[in-house]
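Letters go in sequence order (proteins before strands), and every chain restarts at 1. The structure presented is a predicted model; accordingly, all values stated were derived computationally and were not measured.
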Protein chains: 2
Amino acid sequence: MTTSKNRASGHAPLTRERVLRAAISHADTVGLEGLSMRGLAGVLKVAPMALYRHVANREDLIDAMIDVVFGEVVLPSGGADWKTAMRERGLSMRDVLTRHPWAIGLMESRRHPGQANLRHHDAVIGKLRSAGFDVAMVAHAYSLLDSYIYGFAMTQVRMAVETPADMTAMANDMFEPFPLNEYPNLAEFVNDHVMAAGYQYVDEYGYGLDRVLDAIERAWADSGS
Amino acid sequence: MTTSKNRASGHAPLTRERVLRAAISHADTVGLEGLSMRGLAGVLKVAPMALYRHVANREDLIDAMIDVVFGEVVLPSGGADWKTAMRERGLSMRDVLTRHPWAIGLMESRRHPGQANLRHHDAVIGKLRSAGFDVAMVAHAYSLLDSYIYGFAMTQVRMAVETPADMTAMANDMFEPFPLNEYPNLAEFVNDHVMAAGYQYVDEYGYGLDRVLDAIERAWADSGS
DNA sequence: ACCTGAACACCGTTCAAGT
DNA sequence: ACCTGAACACCGTTCAAGT
């Protein structure tokens, strides 16, 4: 019943693309520390060593996975002004990192960046340059934006709190061993704000992103455009 | 020649403090993934299982290590205004995270925070509250500051670039496999700015921290203090 | 050409035993 | 009371072999 003739066993031949896709979706569910070469081979129903024909080693696999993730981030559109374009990029980045939480912390540190990675950086820098930023201001803006974006994503994902009920459970867990009156400011903050109806940490993202963008706009204006 | 009488082998008895100190200094040199229970036991010259009398497991060890790191961060001093105090905290945090790079990414995600952790958060929140911030503004400010601080620290440490020579080597490594003229904006940025004399990525930290503090001050003023 | 199996040097942790 | 040794179920990766 198999249409493929080139494999007696009946599964599709192993390709780099198939390895990459399986690795990413597996990491999406079990995290980076749960992604082992042996486990990935199991998902693909091949012997562990079969993977090594398509990736040099685990690091090379991760390099390639990160480039797929970069490819999912929207590039700044030509029409919009820089602030709108950077806002869209920031929101897209957050969406992508939420889908692939294992990627946070690896995005900025690849010594062997792929093409999607380089294309992304080229496009962002190009957008800021054509808006009139000089190279020093590009460096300031890019460092500020990405520190904020990656830092927020890391915090959000590591807290692993999605619903207000999660938040309540976490807060109870965290403070249970301690007399709360030793930490009155923290207690007030958690009780009156973080655990209040309607508060969701994720809502801070857009607020902070807009503050960072405003700060960049102002710093640029102050530097004598 | 040993002064201690309670151990025939001659080393000091294993204590939680000794385990913690060894774990932190070992992680400082080999990183978190290089810190194995077996390796740590080797450093302390005990059998791996001896550690388990003083820590419940590896996660519990890391929880305790993080609390030691929190204890190294300066608390906001009573006298200074909020902006000065937050600036000092930001600079201290960067120093501490540079000493203990393995701690970045773990600081905000402990489900079992220690006393130094709680005391730190209580002091920061207290400083902002007593400066007049309402709880919503505290949440905005804290999220912005820590996203920036942790995000920058993560980027800086992961790049592992300390000298301009490192930067040149990294840039050459990274772009070697690609035709640079495909990425003209990136090429210009790297050549004319990042690799120019006098540029150091680490200098962006203070600049960005001041922009974030200015943004918080302005947002607070706009919200009608 | 592509995949496999056995082997090596590692992990964290449990359990039963030593002193 | 405190530490150890053997064992279990894992790792990434090398090397020699299968089809």
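- The distance between atom CG of B:Leu32 and atom P of C:dG12, rounded to the nearest whole Å, is 11 Å.
- Between A:Lys45 atom NZ and C:dC3 atom C1' the separation is 17 Å, expressed in whole Å.
- Among pairs with a residue in residues 177-197 of chain B, those fulfilling salt bridge (charged side-chain N to carboxylate O under 4.0 Å, His left out) read A:Arg129-B:Glu188, at least two apart in sequence or across chains.
- Every residue two or more places apart in sequence or in another chain that forms a ring pair (Phe, Tyr, Trp, His ring centres under 6.0 Å) with A:Tyr142 is listed here: A:His121.
- Atom CG of A:Leu51 is separated from atom C1' of C:dT4 by 12 Å (rounded to the nearest Å).
- Residues passing the salt bridge (Lys or Arg N to Asp or Glu O under 4.0 Å) test with A:Asp95: none are found, sequence neighbours excluded.
- Qualifying ring pair (Phe, Tyr, Trp, His ring centres under 6.0 Å) partners for B:Tyr205, counting only residues two or more places apart in sequence or in other chains: B:Tyr148, B:Phe152.
- Stem analysis of DNA chain C (Watson-Crick or G-U pairs, both distances under 3.5 Å, runs of at least three) returns C:4-8 with D:12-16, C:12-16 with D:4-8.
- In this model, the phosphate group of D:dT13 is approached by a side-chain N or O of A:Tyr52 to a distance below 4.0 Å at OP1 or OP2.
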Under-3.5 Å N/O pairs linking protein and nucleotides 15-19 of chain C:
none

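- For A:Ala50, whose side chain is taken as the heavy atoms from C-beta onward, the closest listed nucleotide among D:dC3, C:dT4, D:dG12 is C:dT4.
- At whole-Å resolution of the value, CG in A:Leu40 and P in D:dC10 are 17 Å apart.
- Applying the salt bridge (Lys or Arg N to Asp or Glu O under 4.0 Å) criterion to B:Arg111, with sequence neighbours excluded, gives no partner residue.
- For A:Arg53, the salt bridge (Lys or Arg N to Asp or Glu O under 4.0 Å) criterion is met by no residue, not counting sequence neighbours.
- Between A:Glu33 atom CD and C:dC11 atom P the separation is 18 Å, expressed in whole Å.
- Looking at B:Val157 and B:Thr98, their side chains never come closer than 4.5 Å, going by heavy atoms from C-beta outward.
- Rounding to whole angstrom units, CE of residue B:Met37 and C1' of D:dT4 are separated by 15 Å.
- For the side chain to side chain donor-acceptor pair (under 3.5 Å) test, no residue two or more places apart in sequence or in another chain qualifies with B:Arg58.
- In this structure, B:Arg38 places its CZ atom 9 Å from C1' of C:dT13, rounding to the nearest Å.
- B:Glu17 is linked by a salt bridge (Lys or Arg N to Asp or Glu O under 4.0 Å) to nothing, counting only residues two or more places apart in sequence or in another chain.
- A heavy atom closer than 4.0 Å to some atom of DNA chain D occurs in B:His54, these being the qualifying members of residues 54-62 of chain B.
- A donor and an acceptor atom, one from each side chain of B:Thr155 and A:Tyr150, are nowhere located under 3.5 Å apart.
- Among residue pairs with one or both ends in residues 25-37 of chain A, none qualify as salt bridge (charged side-chain N to carboxylate O under 4.0 Å, His left out); sequence neighbours excluded.
- Each of A:Ala47 and B:Gly34 was matched to the nucleotide of DNA chain C holding its nearest heavy atom; the match closer to the 5' end belongs to A:Ala47.
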